[in-house]
Amino acid sequence: MAIALIDCLHFYVSCERLFRPDLNGQPVVVLSNNDGCAVALSAEARALGLERGSAWFFHRHLRQVRLFSSNYVLYGDISARLMRFVAARVPNIEVYSIDEAFVTLPPTADPLTFIEALRLDIQQAIGIPVRIGLGSTKTQAKCACALIKSERPPNHCYVLGRDRALSQELRQVPVTAIWGIGPAAGRKLHATGVVNAAELAALDERWVLRNLTITGYRIQQELRGIAAIGMERAHALRQHVSCSRGFSRPISSLAELAEAVSSYAEVAIEKLRRHRLEATEILVYIATDPFRPAQRKYYNQARHALPGASSSLLVIIPICMQLLQSIYRSGYAYKKAGVLLLKLHPATHHQHELFTDHERDERLMAALDTIQQRFGRRRIFMASSGIPARRQWQTRAALRSPRFTTCWQELPEVF
DNA sequence: TCTGGGGTCCTAGGACCC
DNA sequence: TCTGGGGTCCTAGGACCC
């Protein structure tokens with residue numbers, strides 16, 4: 001069975017260009033949270049020698065680059081549109097990330113004709129450029145996309161094994177460019193003289209199992225065309241939700257840390273409720289800046305098991321505050337904090353406990369959800385989270401574009 | 001003076017049991 | 001000098017992904 005991977009080109013940049021055609025042909029960079037490092041680059045920005053993941057601080061002098069803070073609300077909405085559009089045109093889709101999806105093809109379709117047409121339809125209807133690679137497994141589809149990146153066919157599509165022998169094509173894919181082979185596995189493979197995907201496919205299976213574990217073995221099978229990574233993730237229940245952020249400036253007081261942890265917990269709980277899940281364990285951590293070796297370092301975390309599953313602010317936030325107090329030490333310059341909600345269960349399967357008033361909490365939370373939906377997120381918030389406008393530690397996003405598609409006040413204007 | 005955030009999966013090793 | 005063997009469950013941490 002053939003599997004195609006639809007991969008958006010520098011997706012965040014493409015989203016920004018959607019409402020700003022003047023950015024076409026310009027070097028565009030989208031920055032991570034806190035405007036820290038480059039996470040998406042246009043081809044023109046790459047041509048300037050910039051790389052994904054590099055700290056923007058080092059490139060401040062490049063005044064010609066058009067810079068944006070990440071606008072997750074916009075990107076999420078465009079992604080959802082694109083995925084809906086694709087889902088209506090294929091028998092099966094697995095949304096793999098905000099900018100990638102695996103799909104199976106209709107049985108009658110000629111593969112290349114089909115993906116070429118799909119690519120043009122997406123460009124036309126959604127306005128986002130994509131590349132589409134096709135192979136007999138997910139890993140092969142990934143390799144096909146890697147070949148599009150390196151060989152740049154004009155149609156931005158590639159069907160593995162169509163024009164050349166598979167092994168010849170895989171020879172063009174560096175082993176470190178294979179999906180699932182990271183730096184550690186790459187070093188092991190290089191040490192035995194394996195540098196491309198064809199060589200990994202031909203390697204002794206026992207060696208692969210011993211040195212790259214079951215993960216590497218699956219990749220090898222997939223390269224050979226034997227499916228080992230199923231199309232099933234779409235249904236998988238998530239294991240945990242979290243919210244963690246670096247502060248715009250270091251903070252050392254417990255009061256300010258408490259505001260941050262409380263507001264991060266609010267965000268995590270919002271995600272939890274959106275997925276209709278409940279948590280039974282909570283973890284809070286705080287950390288100093290790992291990039292300042294001169295400073296005193298501190299990292300600590302604490303966790304707490306709830307008596308029953310919950311997605312209530314009134315249950316979870318007080319526990320977060322207790323956990324924070326238990327790990328807080330004065331005299332450190334903290335740079336980051338995080339809240340993780342673990343051991344999740346569907347809210348529909350709630351087990352009732354004797355000593356908590358779950359029904360009352362649920363009624364209150366449902367009312368809060370309604371208010372947030374009607375009047376906007378963060379219109380009401382826990383007092384423990386502090387007044388948003390006064391948060392000195394608030395994550396930076398100084399260069400964020402308008403939320404063109406999801407916020408009435410920020411709709412694009414046409415003159 | 002800067003270096004993100006949110007996930008998943010796998011393995012090793014400790015605790016515990018019979 | 002020797003002091004079992006086999007199993008499960010859980011957690012921390014590494015590796016990897018976008």
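Chain naming here is simple, since letters A, B, ... match the order of the sequence lines and numbering starts at 1 in each.
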- request: Mark up nucleotides 10-15 of chain C, 5' to 3', with B wherever a protein heavy atom is under 4.0 angstrom from a base atom, S wherever such an atom reaches only the sugar-phosphate, and - elsewhere.
  value: -SS--S

Output the residues of [range] in contact with DNA chain B, where contact means a heavy atom of the residue under 4.0 Å from an atom of the strand; sort by number or write none.
range: residues 74-88 of chain A; value: none
range: residues 395-402 of chain A; value: none
range: residues 190-213 of chain A; value: A:Thr213

- prompt: Which residues satisfy the side chain to side chain donor-acceptor pair (under 3.5 Å) test with A:Ser69, sequence neighbours excluded?
  reply: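 In terms of side chain to side chain donor-acceptor pair (under 3.5 Å), with neighbours along the sequence ignored, A:Ser69 is linked to A:Asp35.
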
- prompt: For A:Glu205, what residues pass the side chain to side chain donor-acceptor pair (under 3.5 Å) criterion, not counting sequence neighbours?
  reply: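 So A:Glu205 forms a side chain to side chain donor-acceptor pair (under 3.5 Å) with A:Arg224.
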
Applying ring-ring contact (aromatic ring centres under 6.0 Å, His included), name anything that partners [X], two or more places apart in sequence or on another chain.
X: A:Tyr332; result: A:Tyr298
X: A:His10; result: none
X: A:Phe58; result: none
X: A:Tyr334; result: A:Tyr328

- request: Enter the inter-axis angle for the ends of the helix from B:dG5-C:dC18 to B:dC18-C:dG5 (five pairs per end, rounded to 10°).
  value: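 What I find for the helix from B:dG5-C:dC18 to B:dC18-C:dG5 is an axis angle of 10°.
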
task: Could you list by number each residue of residues 139-146 of chain A showing a heavy-atom separation from DNA chain C of less than 4.0 Å, or answer none if no residue does?
output: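 Residues of residues 139-146 of chain A under 4.0 Å from DNA chain C: A:Lys142.
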
